[in-house]
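Presented below is the structure to which this report refers.
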Amino acid sequence: MTKRNTENENTILCSTCLLKLSYIIARMEKIEKALYCIKGTLNFKEAREYLDLSNSQLYKLTRNGDIPYYKPTGKLIYFNKQELDEWVCRNSSETNAECEKTIAETDKGCAYHNEKSKG
């Protein structure tokens, strides 16, 4: 085998590896998002991602007392997922019925995911 053929094979192998790696990363992100359905308490980073807010936006909401949170050790901030859902619906432009429907659909999806992961 010539040096050029070996380089081409390595390039193909690297491309295949990158494709597989990107697939694995996408699956991991999907699994991480599914974990929010299982957890009842979220840390700051998880709550930020769950609510799709920036760090500064979430800090501002906690500082002003606009969003329910807990500081059991006096330092780290935690959030109750159900309270976050209620807070989002309370501050949304949707009607209560639409908001309750959204929560029910989310809970239904979480229940489906839980059943699937058990079986």
Side-chain angles (χ1 to χ4, degrees):
M1 211 182 254
T2 66
K3 185 175 182 178
R4 185 169 188 204
N5 287 343
T6 304
E7 287 176 7
N8 287 340
E9 287 177 12
N10 287 339
T11 303
I12 292 169
L13 179 62
C14 289
S15 298
T16 304
C17 291
L18 289 174
L19 183 62
K20 288 179 182 179
L21 184 60
S22 65
Y23 173 76
I24 290 169
I25 290 170
R27 294 283 296 160
M28 283 179 50
E29 288 173 353
K30 189 174 181 179
I31 290 168
E32 286 175 349
K33 289 181 181 181
L35 289 175
Y36 294 137
C37 294
I38 298 168
K39 292 182 78 172
T41 304
L42 306 175
N43 64 29
F44 186 87
K45 180 183 175 189
E46 293 167 338
R48 179 185 51 112
E49 291 173 0
Y50 182 70
L51 296 172
D52 194 26
L53 298 173
S54 68
N55 281 345
S56 60
Q57 289 173 313
L58 188 54
Y59 274 123
K60 184 177 178 181
L61 290 169
T62 57
R63 184 181 62 238
N64 294 339
D66 295 333
I67 193 167
Y69 68 96
Y70 301 90
K71 290 175 85 172
T73 61
K75 187 173 183 178
L76 300 175
I77 300 173
Y78 295 93
F79 302 86
N80 179 296
K81 185 176 161 287
Q82 183 178 353
E83 290 178 350
L84 292 179
D85 289 338
E86 292 169 2
W87 177 81
V88 167
C89 289
R90 181 176 52 227
N91 291 309
S92 71
S93 61
E94 295 179 354
T95 65
N96 285 340
E98 290 172 332
C99 192
E100 288 175 10
K101 179 182 175 188
T102 302
I103 290 174
E105 288 172 356
T106 303
D107 289 342
K108 184 178 177 183
C110 289
Y112 172 76
H113 172 74
N114 289 340
E115 287 175 17
K116 206 171 178 189
S117 63
K118 288 178 185 176

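Numbers here are sequence positions counted from 1. In this text the structure is predicted, and so the values were computed from the model without any measurement.
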Next on the checklist: For a side chain to side chain contact (heavy atoms under 4.5 Å, CB included) check, start with the C-alpha distance between E46 and K39, then their side-chain angles and the critical distance, and finish with the verdict.
Outcome noted: CA-CA 10 Å; E46 293 167 338; K39 292 182 78 172; 2.7 Å; yes
**OP:** Check the pair F79, L51 against side chain to side chain contact (heavy atoms under 4.5 Å, CB included), reporting the backbone distance first and the verdict last.
**Re:** CA-CA 11 Å; F79 302 86; L51 296 172; over 6 Å; no
Applying side chain to side chain contact (heavy atoms under 4.5 Å, CB included) to R27 and not counting sequence neighbours gives Y23, K30
On a heavy-atom basis, the closest approach of P68 and L84 is O-CD2, 4.4 Å
Report yes or no: do L42 and Y78 belong to one cluster of Ile/Leu/Val/Met/Phe/Trp/Tyr joined by side chain heavy-atom distances under 4.5 Å?
no
Sorted by chain and number, sequence neighbours left out, side chain to side chain contact (heavy atoms under 4.5 Å, CB included) with I24 holds for M28
By side-chain hydrogen bond (donor to acceptor under 3.5 Å, both in side chains), Y59 pairs with (sequence neighbours left out) none
D52 meets the side-chain hydrogen bond (donor to acceptor under 3.5 Å, both in side chains) criterion, sequence neighbours left out, with none
Taken in chain and number order and not counting sequence neighbours, the residues that satisfy side chain to side chain contact (heavy atoms under 4.5 Å, CB included) with K71 are Y69, I77
(request) Keeping the roles fixed (side chain from E83, backbone from N80), state whether a donor-acceptor pair exists under 3.5 Å. (result) no
Start with the C-alpha distance between T41 and Y70, add both sets of side-chain angles, then the distance that settles side chain to side chain contact (heavy atoms under 4.5 Å, CB included), and finish with yes or no.
CA-CA 10 Å; T41 304; Y70 301 90; over 6 Å; no
Hits for side chain to side chain contact (heavy atoms under 4.5 Å, CB included) against T73, two or more places apart or cross-chain, chain-then-number order -> K75, L76
Minimal heavy-atom distance between R48 and L53, with the atoms involved, is CG-O, 2.7 Å
The side-chain hydrogen bond (donor to acceptor under 3.5 Å, both in side chains) partners of S56 (sequence neighbours excluded) come to S54
To the nearest 0.5 Å, atom NZ of K20 lies from atom CD1 of I25 at 14.5 Å
Exercise for review: State, yes or no, whether a side-chain contact exists between Y50 and D85 at a heavy-atom distance under 4.5 Å.
Suggested key: yes
- prompt: Does Q82 offer a backbone N or O that forms a donor-acceptor pair with the side chain of W87 under 3.5 Å?
  reply: no
D66 backbone acceptor or donor facing N64 side chain under 3.5 Å
no
